[in-house]
Amino acid sequence: MPDFFPMWVVITHFLNLFFMLLLFRSGFEVLSAFPKLYWNDDSSPGREWLRLSRTVHGADSRKPWSSSAEEEAWSPLVALPGRKNLGLGRHWHFLSIQFWILTGAVYIVMVVVTGYWHYLVPQHWSLFPDAIRSIGTYLQFQIPAKIPGEAFEPAQKLAYFVVIFVMAPLQIASGAAMSPTVLARFPWYGRLFGGKQGARSVHFVLMCAFAAFTVLHTALVVVHGLPHELALIVLGDPDGNRRLAIGLGVAGVVMILTLHVIITWFSLRHRRRTQRLLGLMVDPFERAVSRTFTSTQQFAPEDISPYFRVNGFPPPGDDYRRLAEDNFRDYRLSVAGLVERPLELSLGQLRTLGEQSQITKHNCIQGWTAVAQWAGVPLARLMEEVRPRPEARHVVFYAMDDKGLTEGEGRYGYYYGTIPIHLADDPQTILALEMNGAPLPVEHGAPVRLRVETQLGFKMVKWVTGIELVADLTDIGAGMGGWREDQQFYARGAGI
Ligand SMILES: Nc1nc2c(c(=O)[nH]1)N[C@H]1C(S)=C(S)[C@@H](COP(=O)(O)O)O[C@H]1N2
Ligand SMILES: [Mo]
């Protein structure tokens with residue numbers, strides 16, 4: 001039998017605590033961007049089972065609203081970094097998760113090779129009644145006895161088993177079921193959780209369970225006798241020097257809290273640097289995902305959502321109004337940059353390039369989803385017409401909405417977005433001209449909007465006026481790869 005408290009348990013336990021706290025706080029940041037939980041992927045306004053916000057936006061509201069108005073500013077005390085920084089919160093979440101999984105993997109390997117799993121994995125059905133008896137013992141304010149020859153009492157063993165072998169894997173699996181690329185490539189995987197909103201809800205409920213476990217676990221450590229347990233957790237030795245244990249334990253907690261204060265302050269104070277630094281770790285992971293998988297979505301007409309949120313207000317100027325009043329007869333789409341044959345196309349000319357229709361699920365980075373049918377020209381067809389030069393690596397889509405006028409909030413400039421050129425060839429990447437069998441409505445991007453079905457919604461530029469092929473993004477906008485990347489510090493990649 002292995003040691004009851006080997007050093008590798010002490011170390012992985014500490015790292016686990018460290019990364020879990022990062023995951024909790026950055027997870028709250030993500031939740032604050034859309035503090036509503038649903039079981040259904042229509043995510044219809046008003047149908048949420050949990051709403052952590054006072055404001056209500058209704059499907060029948062007379063005043064137009066944009067889904068970004070549903071974002072809440074949560075305090076940096078709970079969220080990392082807080083104050084409406086979804087992009088940075090996601091960076092922290094996706095950074096921490098890599099290390100949390102690594103810690104977990106090391107732990108599991110050690111549990112298996114050392115035989116420690118005997119202490120954690122039920123080997124007999126009697127563990128269940130024994131665990132219930134243990135809980136009864138606690139309720140009588142007594143401490144249940146350990147299983148003979150093992151490290152824990154029965155309820156403890158069962159709780160650890162559930163947390164390590166059931167909750168943690170489910171938490172990772174439900175997290176993966178929220179990636180638009182994973183959902184687009186493997187729709188069946190999303191269905192395991194009842195869709196993206198189901199996965200989001202499960203992820204939230206499990207987070208609550210982890211939090212409850214942490215509180216209970218800490219309380220029971222105190223009940224079991226603090227100095228002794230602390231010596232175990234910190235030194236791996238019940239007879240270790242108690243003063244040293246308390247000193248190290250307190251130092252560990254203070255270190256974690258100080259680090260949280262520092263990274264929160266840094267993230268809020270230096271948002272661009274945080275975006276870039278964390279991007280070094282997070283972007284390659286995202287790129288690998290986006291490169292590997294293409295969308296194979298094909299929903300049924302019955303799946304089309306009754307209500308489809310809008311994000312971003314239409315271009316406010318007279319130019320756009322006149323275009324729209326005239327059914328976009330004077331609209332021209334310019335395609336230029338690193339191409340052999342630049343073009344200016346009217347809607348009629350664009351339409352002659354071909355038509356493709358698809359029923360797909362939209363994933364906004366904030367967290368809402370909706371299903372619609374989109375029809376339009378495959379972007380790959382347009383690329384054949386203009387013939388990109390070999391140096392071209394990104395496709396830039398320029399929009400007609402000046403966000404400084406439509407939204408303000410201290411942000412400025414016309415909306416634009418970019419995709420790596422390989423996404424232009426994906427079978428479900430289209431310039432959509434129709435939605436649900438009718439010409440694209442103004443609020444959803446008339447006359448032309450992009451659909452890239454493996455990506456988050458912010459890549460799918462609406463009110464497209466021009467397309468440019470470029471080798472490098474540094475000279476476009478603020479150089480981060482799109483308006484939301486520039487102004488809201490989102491990651492350039494949008495596959496997760
Ligand atoms: N021009 C423009 N395109 C845009 C936006 C915008 O604000 N302006 N918002 C993006 C975001 S974040 C999302 S989720 C989708 C929303 O598409 P919808 O309004 O058709 O639902 O559009 C994307 N395209
Ligand atoms: Mo979005």
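In listed order, ligands and their atoms are each counted from 1. What you see is a predicted model; the values in this text were computed from it and never measured.
- Of all the heavy atoms of Phe458, the ones lying under 4.0 Å from any atom of ligand 1 are found in both the backbone and the side chain.
- Protein heavy atom closest to atom 4 (C) of ligand 1, with residue, atom name and distance, is Tyr415 CE2, 3.5 Å.
- Close contacts between ligand 1 and Gly312 involve ligand atoms 7 (O) [criterion: under 4.0 Å to a heavy atom].
- Summarising the contacts of atom 3 (N) of ligand 1 with Lys462, Met435, Arg449, the nearest heavy atom is found in Lys462.
- Among residue pairs with one or both ends in residues 428-454, those qualifying as salt bridge (charged side-chain N to carboxylate O under 4.0 Å, His left out) are Arg451-Glu453; sequence neighbours excluded.
- Side-chain polar atoms of Ser53 and Glu70 form no donor-acceptor pair below 3.5 angstrom.
- At a 4.0 Å heavy-atom cut-off, ligand 1 touches Asn311 through backbone and side chain alike.
- Checked against a 6.0 Å centroid threshold, the rings of Tyr414 and Tyr398 do not count as neighbours.
- Here the two rings, on Phe308 and Trp374, have centers that are under 6.0 Å apart.
- Closest protein heavy atom to atom 21 (O) of ligand 1: Arg309 O, 2.6 Å.
- Neither side chain, Trp39 nor Ser201, offers a donor N or O lying under 3.5 Å from an acceptor on the other.
- Of all protein heavy atoms, the one closest to atom 24 (N) of ligand 1 is Met460 O, 2.9 Å.
- On a distance-only criterion, Trp463 and ligand 1 share no N/O pair closer than 3.5 Å.
- Below 4.0 Å from some heavy atom of Ala399 lie the following atoms of ligand 1, by number and element: 1 (N).
- Among the atoms of Lys403, some N or O lies under 3.5 angstrom from an N or O of ligand 1.
- Remark: ligand 1 atoms within the under-4.0 Å shell around heavy atoms of His444 are 18 (P), 19 (O), 20 (O), 21 (O).
- If you run side chain to side chain contact (heavy atoms under 4.5 Å, CB included) between Arg273 and each of Arg271, His270, Gln275, only His270 comes through.
- Under 4.0 Å from ligand 1, not a single heavy atom of Gln366 appears.
- Interatomic distance, CZ of Phe99 versus CZ of Phe18, reported as 9.5 Å (0.5 Å rounding).
- Heavy-atom separations between Met400 and ligand 1 are all 4.0 Å or longer.
- Side-chain contact annotation: Thr406 with Asp401, donor-acceptor N/O pair under 3.5 Å absent.
- Atom 23 (C) of ligand 1 has its closest protein heavy atom at Gly457 O, 3.3 Å.
- For the pair Lys36 and Trp368, the cation-pi test (distance below 6.0 Å, angle within 45°) is failed.
- Looking at Lys196, Lys361, Arg47 one by one, the single match for salt bridge (Lys or Arg N to Asp or Glu O under 4.0 Å) with Asp41 turns out to be Lys361.
- Residues Glu485 and Tyr490 have side chains that never bring a donor and an acceptor to within less than 3.5 angstrom of each other.
- The nearest heavy-atom contact from the protein to atom 1 (N) of ligand 1 is Asp401 OD1, 2.7 Å.
- The single protein non-hydrogen atom nearest to atom 14 (S) of ligand 1 is His362 NE2, 3.2 Å, given as residue, atom name and distance.
- The part of Trp368 lying near ligand 1 is the side chain, judged by heavy-atom distances below 4.0 Å.
- Of all the heavy atoms of Phe308, the ones lying under 4.0 Å from any atom of ligand 1 belong exclusively to the side chain.
- Phe19 has its ring centre no less than 6.0 Å from the ring centre of Phe24.
- Numbered from 1 in the order shown, with element, the atoms of ligand 1 that lie under 4.0 Å from a heavy atom of Val461 read 3 (N), 24 (N).
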